[in-house]
Amino acid sequence: MLNAEKTEDRMDYLNGLNDEQFKAVTYGDGPILILAGAGSGKTKVITLRAVHLIKTGKAKPYNILGLTFTNKAAREMKERIRKALTGIGSDDVDYGLPYFSTFHSFCLKLLRRHADLIGYSKSFAIFDDDDSSKMLTKIIKSLNIDIKIVAPSKAKYFIEKSKNSYINFEEARETVKPWEKNYAAIYEKYSKRLRENNAMDFGDLIFNVVKLFQTNSSVLEHYSNLYKYIMVDEFQDTNFIQDKLVKLLADKYKNICVVGDDDQSIYSFRGASIDNILSFEKVYSGCSVIKLEKNYRSTRIILNAASSIVKGNKFRKDKTLRTDKYSGSRITVYQANSDYSEGYFVAREIRRLINEDGYSNKDIAVLYRANSQSRILEDKLMKASIRYSIYGGLKFYQRKEIKNILSFLRFAANPRDVVSFERSVQCVPIGVGEKTLRAITDIASKNGTDILVALKSGLLGFVRGLNTPTLLEDRTYPDNKNNGSYNNKPGIANYFDIILKLKADMEDKVEDGPGIGVRLADMIAFIYKASGYEAMLKNGALKADELDRNRIENIGELINASHEFESIVDFLDQSAVDDFRENLNDSGKDATNVSLMTIHSAKGLEFPVVFIVGLEERLFPHARSLDNELSLEEERRLCYVGITRAKEKIYLTWSKKRRSGKEYKYNMPSRFLREIPENLIEEIVDTYEYY
DNA sequence: TTCTCTAAAATTTTT
DNA sequence: TTTTAGAGAA
């Protein structure tokens, strides 16, 4: 099986694997389910399995597809594989790399190639949450539904849920409960609008690939043959449609390897269904199951505390993690009088860990349930001069200034994208409000053209006060004192020129040269200047220069980042499904900082010292999950995930009162604290009255 | 009609 | 504390 004689000298990557891991890495063809407990070397197994397939000649790198949920995970795995492949035997083979990516990036790549087969143009736009919400709010209003009765966020959730279950709006209309009629109507209009805009949202990326596969067997055939070996990371987090996608692809060869841990399933709100992992064995008969139960990360005390919590769950596969790390300090539980003193304690303790215990900033993470908890922590860490980085929260590409600038590019690339049009035309006040906007979109829908054509035909009307469309070449700019005319919109003429210029730049491909004719960075700089956005930020009136300066800096960073891209589409795609700043996390810049993040975003990471703050009833477990046994169990798993991030030392803190909005709320300690055996705990009670 | 300022509301987790 | 909605000013 291993070809041991021939390749023995080049198989040293198999050294140091335990029996379970070895079995998983070297397992041959056919379906395999790897139940990997926290810290059991899951990433190692999945990456070495890919390496092993390549090294033993079973598969070419391009025959392997690895699907993950985060870009970070995908990058990390690719990097490990690259190192393993070039580290050994690099003398004789020029190995390519297997394709590891997130579900969303993978689907996006396929759709860019085959969008026409499902009735989209290949230049389709991708709407992020913000774009979708904007559109939904408008749709709800246009349907005369009171926004207080159907909140856009609720409608969005309904639509996401439907798409995650592979239910289109026609089916939703048929099957929906009577009291959900509004939602179905919104879903229908939303779907049609997206089509008109030549746009897809995140859910569509996966939905449409499944549709593509189901309606075009030759396409499915092609990718099934290409990706003979499929691996899925964090399989417990897959939802119905992701599972379906994987099954479609893997159906032909059934060389499917999924890795997951039901105890770490924390994304059910996103549609993840634990059933996918629980029923895997049934779906693939003859499937092998390998359990990785040896933990290489945490001390026994940490592991015991974590398992005693998660054992309270009814719905789980029984498993027990073991470790060799018997010594270790007890768990510190800190009871604070207020959220401020909680933050103060964390800062003080981190200072002590660094000064006295020999830890450095990068060894330490502070985890919380909700992003809003980070503010006080930041404040206290800053006051204690502790360097920190915050992860999660607002992504770089979601920032207003970045979205504003990019909306010009997005609109130029896809002139049917009304959302980007509105954003770009309004981000700098040029006298275009609701009415003007409506006038333009009306022209577009009446004539069945895209926005740009409508803008062109409407433009002279705006400039000269004429209603008849005139040839673009005949256009003259207003001189602001022109023949006493009405309806002057010099700003819109300028805006139109910007878009035209961008469009021309995009089409100006230098055939025999590299990349695009005009560099992306120049285009962005041009937008920044010509739109007046720069002037607006720099002359930013009297207030908030701090914020404006930040924005100016961010735009500079955007321009820097844009240098690396070869095409507009690549750049826009990346901005939609990836965040280049995540790249910085693993290495370099942030290596010297304490990490602040939510427990969700800490999944997959490890730190010598971990603080989990805010262990209070109604915060963790969160109030919204208290009425439901299933969601309470998920909170418990979340707690399990948080604790198992720690290698050596863990602090759990809670506060008797916490400010929420204007007032203080008084909370009880989290039930999770009670679920940890007392002999594992060392308790400290806050003596600070204020802070 | 558009822009700006003030007041109120809102806060789980994410590709 | 930040974002959004509504009202008044230009």
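Just the heavy atoms: all of them, side chains too, but no hydrogens, waters or symmetry mates, feed the values below. Below, chain A is the first sequence line, B the second, and so on; all start at residue 1.
- Side-chain atoms of A:Tyr495 and A:Ser424, non-hydrogen and from C-beta on, do get closer than 4.5 Å to each other.
- Residue A:Arg438 contributes atom CZ, which lies 14 Å from atom C1' of B:dT1 at whole-angstrom precision.
- Within the structure, every side-chain polar atom (N or O) of A:Asn371 is placed at least 4.0 Å from both OP1 and OP2 of B:dT11.
- Base pairing of C:dT4: its partner is B:dA7, meeting the Watson-Crick or G-U wobble criterion (both donor-acceptor distances under 3.5 Å).
- When each of A:Glu635 and A:Val577 is assigned the nucleotide of DNA chain B bearing its nearest heavy atom, the one mapping closer to the 5' terminus is A:Glu635.
- Interface residues of residues 613-634 of chain A facing DNA chain B, ordered by number: A:His622, A:Arg624; criterion, heavy-atom separation under 4.0 Å.
- At a threshold of 4.0 Å, the pair A:Asp379-A:Arg375 does not count as salt-bridged, since none of the basic side-chain nitrogens sits closer than that to a carboxylate oxygen.
- With sequence neighbours left out, A:Phe127 forms a ring-ring contact (aromatic ring centres under 6.0 Å, His included) with no residue at all.
- Contacts of A:Phe269 with the nucleic acid, taken as non-hydrogen atoms under 4.0 Å apart, include base atoms.
- Atom CZ in A:Arg659 sits roughly 18 Å away from atom P in B:dT11 (whole-Å rounding).
- One atom, CD of A:Gln426, and another, C1' of B:dT4, lie 14 Å apart when rounded to the nearest Å.
- B:dT11 and C:dG6: their P atoms are spaced 16 Å apart (whole Å).
- A cation-pi contact links A:Lys109 to A:Tyr99, judged by a cut-off of 6.0 Å to the six-membered ring centre and 45° from its axis.
- For the 3.5 Å distance criterion, the side chains of A:Arg423 and A:Ser407 fail to qualify, holding no donor opposite an acceptor.
- Considering only side-chain atoms of A:Arg375, the nucleotide from C:dT1, B:dT15, B:dT13 that sits closest is C:dT1.
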**OP:** Would you sort out whether A:Phe69 and A:Phe103 count as a ring pair (Phe, Tyr, Trp, His ring centres under 6.0 Å), showing the intermediate values?
**Re:** CA-CA 6 Å; A:Phe69 281 90; A:Phe103 276 93; 5.3 Å; yes

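- Residue contacts for A:Phe103: at a heavy-atom cut-off of 4.0 Å it reaches no nucleic acid atom on any strand shown.
- As judged by a 4.0 angstrom heavy-atom cut-off over every strand, A:Asp128 is placed among residues making no nucleic acid contact.
- Of the candidate nucleotides B:dT13, B:dT4, B:dT11, B:dT4 has the atom lying nearest to any side-chain atom of A:Pro429.
- Spacing of P atoms, B:dT13 relative to C:dT4, comes out at 16 Å, to the nearest Å.
- Judged by a 6.0 Å distance limit and a 45° cone about the ring axis, A:Arg112 is positioned over the six-membered ring of A:Phe124.
- In a base pair of the Watson-Crick type (N1 to N3 plus N6-O4 or O6-N4) or a G-U wobble (N1-O2 and O6-N3), with each distance short of 3.5 Å, B:dT14 is matched with no nucleotide.
- Within the 4.0 Å cut-off from OP1 or OP2 of B:dT15, not a single side-chain nitrogen or oxygen of A:Thr68 is found.
- Distance A:Ile159 CD1 to B:dT15 P: 20 Å, rounded to the nearest Å.
- Distance, A:Asp201 CG to B:dT15 P: 15 Å, rounded to whole Å.
- If you measure from atom CG of A:Leu638 to atom C1' of B:dT14, you get 13 Å, rounded to the nearest angstrom.
- B:dT13 atom C1' lies 12 Å from atom OH of A:Tyr368, rounded to whole Å.
- Nucleotide B:dT14 holds its C1' atom 13 Å from the OH atom of A:Tyr157, rounded to whole Å.
- For B:dT2, the OP1/OP2 oxygens have a side-chain nitrogen or oxygen of A:Thr436 closer than 4.0 Å.
- A:Arg316 and A:Glu633 are not joined by a salt bridge, as no carboxylate oxygen comes within less than 4.0 angstrom of a charged side-chain nitrogen.
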